[in-house]
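When a residue number appears, it is its place in the shown sequence, counting from 1.
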Amino acid sequence: MSASMVGMSFLVLGVFLLLGKWIRVISPSLQKLFIPSSLIGGFLALFLGPEVLGTIVSWTGYYDSSLSNGIFSQEILDVWRILPGLFINIIFATLFLGKKIPGIHDMWLVAGPQIAHGQTIAWGQYVFGILITIFVLSPVFGIDPMAGALIEISFEGGHGTAAGMAATFEELGFAEAGDLALGLATVGILFGVVLGILILNYGVRTGKTEVLQRTSQIGLDERRQTGIIDFDARESAGKITTRPESIEPLSLHFAYVGVAIGIGYVILQLLIQIEEITWGKATGIYLLTYIPLFPLAMIGGIILQMFLDRFDVYQTLDRNLMMRIQGLSLDILITSAIATLSLTVIGNNLMPFIILALVGIFWNLAGFMLLGPRMMPSYWFERSIGNFGQSMGMTASGLLLMKIADPDNRSPALEGFGYKQLLFEPVMGGGVFTAASVPLIFHFGPMPLLILTAIIMSFWLLLGLFYFGKK
């Protein structure tokens, strides 16, 4: 894997991102489904890679053909396979950099109902995922009990978390779970947006929405749907906080990301050493060794942001620039992860894959339709639709559905959703518990984790129903 080949792999990846964008621009059906360009580019690369084109070539009997890996070299594919595990650290490190971290009391007042609702759905994904694994997937299909964590990792966590957990699954002897998780995350994004639009139409027709009154209001204008911003309406991607002759602002922000990841790495190593000299040495059970870096990179970002809030009198960190770094990393992660997805693994585990997908979708729908109106004291539809979109795979999907349901931000949904993330993401959806759940199942089995997650889910459910829901 030479340096020149690493550079070439990024160039080729950029070409597929660009092709994905222009395919979306000329395809009204993809625009109406709000499919991101990175997903389109990733599927195009997957089709032209070893899993589809290479397989078709092998069927012809030309095993020595130069197209056995599709149109890509083995070196390019090797680079793409490691990119998701690297870029997930950047994504999580930037989650809170540049954000003003409010007090817990302020967040609770505005976002309390959304926090309880979102937590209930997330912990429920563990409960029902482990239940279906214990009673169906393991006894009938012989799948590893660690599959019980796949719904939360894939649906609530999305492609980033699925890719980030691949190394942990491999270390624990369940390597195929990485591809299953990425496949489930893809299903979550596709069904999340499609079902979200159907739910919006249903909500307007039945009078459940408080903002939208007519189905004709559902949707985005043509330019927004294509993803192109009118020339006169274009905004700055971020503010320059330092003079380029001293240091390029983008370089400074990359440096901040590096510091955040470095803090997370130090924390992880300290935790591993503590585990080694305490319960690990005494019992031989190691949990923290298998936790990936990305949730600790997020903690590192929070620590760095709190330090900057107090000591950076020049306010050199700009949130919008940090969002651009995060967005670039997410596009690279999704495209490379889909491009190297193993369809063979999914095919060999097709029924467990379908069952997990159906369980995840039905639970998320039940959480929205049944729990939303009972846990939200006001604007339940506008608040719940954001949690539904996120629970299906991407925070961006939740924001998109909230934007359609409440285009002028007349409800507290968007503000509450933002506050909810501050308390939600450090734990679930790629947070510390998400990372620890797989080693916990590996060492203690699925039943203790089922009991733990059921207790926590019940706490949030009761809090939402009998505290917030009665207000």
Side-chain angles (χ1 to χ4, degrees), residues 87-112 114-115 118-119 160-161 164 235-271 291 293-330 386 390 395-396 398-399 409 412-435:
F87 278 86
I88 184 59
N89 298 314
I90 299 176
I91 293 168
F92 272 73
T94 59
L95 282 176
F96 298 106
L97 285 175
K99 277 187 178 181
K100 185 71 176 177
I101 308 229
I104 299 293
H105 181 261
D106 294 335
M107 287 190 285
W108 190 254
L109 284 177
V110 177
Q114 282 160 274
I115 293 170
Q119 292 280 1
T161 304
E235 301 176 357
S236 172
K239 292 181 180 179
I240 295 179
T241 59
T242 57
R243 292 190 176 278
E245 58 266 25
S246 66
I247 184 172
E248 176 61 38
L250 192 58
S251 302
L252 177 66
H253 284 68
F254 268 117
Y256 278 137
V257 173
V259 171
I261 295 174
I263 294 172
Y265 178 79
V266 171
I267 294 173
L268 180 59
Q269 295 307 310
L270 287 174
L271 291 174
I291 292 181
L293 176 58
F294 66 86
L296 281 305
M298 174 177 54
I299 303 299
I302 294 173
I303 294 172
L304 177 58
Q305 183 58 48
M306 293 173 68
F307 176 85
L308 293 174
D309 284 342
R310 183 167 183 177
F311 296 105
D312 184 15
V313 296
Y314 300 107
Q315 298 182 347
T316 55
L317 199 156
D318 178 66
R319 178 59 186 169
N320 287 333
L321 277 180
M322 201 57 71
M323 289 291 290
R324 302 289 73 76
I325 295 174
Q326 184 187 111
L328 169 66
S329 302
L330 185 60
Q390 182 185 24
T395 302
L399 292 171
N409 294 331
L414 183 61
E415 183 183 11
F417 186 83
Y419 282 164
K420 185 207 79 168
Q421 298 302 90
L422 294 173
L423 294 177
F424 182 84
E425 291 185 346
V427 180
M428 303 295 285
V432 175
F433 188 85
T434 301

Look up atom CG in Asp309 and atom CD in Gln315, then write down how far apart they are to the nearest 0.5 Å.
8.5 Å
Between CD on residue Gln114 and CZ on residue Phe417, distance to nearest 0.5 Å
8.0 Å
Please determine, by modelled atom types, if Lys420 and Gln390 share a side-chain donor-acceptor pair under 3.5 angstrom.
yes
Is any side-chain heavy atom of Ile302 closer than 4.5 Å to a side-chain heavy atom of Met306?
yes
Non-neighbouring partners of Phe424 that pass ring-ring contact (aromatic ring centres under 6.0 Å, His included), sequence neighbours left out
none
Nearest-0.5 Å distance, OG1 of residue Thr94 to CG of residue Leu330
9.5 Å
Leu296 vs Leu271, side chain to side chain contact (heavy atoms under 4.5 Å, CB included): CA-CA, chis, key distance, verdict:
CA-CA 10 Å; Leu296 281 305; Leu271 291 174; 4.3 Å; yes
Decide if atom CG of Leu328 counts as having more than 12 heavy atoms of other residues, nucleotides or ligands within a radius under 6.0 Å.
yes
Nearest 0.5 Å, please: how far is CD1 in Ile299 from CZ in Phe96?
8.0 Å
Classify the ring geometry between Phe311 and Phe307 as parallel (under 30°), tilted (30 to 60°) or perpendicular (over 60°).
tilted
Assess whether side chain to side chain contact (heavy atoms under 4.5 Å, CB included) is satisfied between Met322 and Val257, documenting all intermediate values.
CA-CA 9 Å; Met322 201 57 71; Val257 173; 3.5 Å; yes
What's the shortest heavy-atom distance between Ala260 and Ala93, and which atoms?
CB-CB, 4.0 Å
Contact check, side chains of Thr161 and Phe92, non-hydrogen atoms, under 4.5 Å
yes
Is the closest side-chain heavy-atom distance between Tyr256 and Leu304 below 4.5 Å?
yes
If you round to the nearest 0.5 Å, how far is CD1 of Ile247 from CG of Leu252?
5.0 Å
Can you check whether Thr242 reaches Tyr314 side chain to side chain, under 4.5 Å on heavy atoms?
no
Distance-minimising heavy-atom pair for Thr241 and His253:
OG1-CE1, 3.8 Å
Closer than 3.5 angstrom, by distance alone: can the side chain of Glu425 be matched with the main-chain N or O of Gly430 as a donor-acceptor pair?
no
Nearest 0.5 Å, what's the CG-NZ distance between Asn320 and Lys239?
8.0 Å
Taking Leu97's backbone N and O only, do any of them form a donor-acceptor pair with Gln305's side chain (distance below 3.5 Å, no angle check)?
no
Identify the two heavy atoms, one from Gly300 and one from Ile263, that lie closest to each other, and give their separation to 0.1 Å.
CA-CG2, 3.7 Å
Between Leu293 and Gly264 the two heavy atoms that sit nearest each other are CD1-C, 3.7 Å
Grab the two heavy atoms, one from Leu423 and one from Val427, that are nearest each other, plus how far apart they are.
O-CG2, 4.4 Å
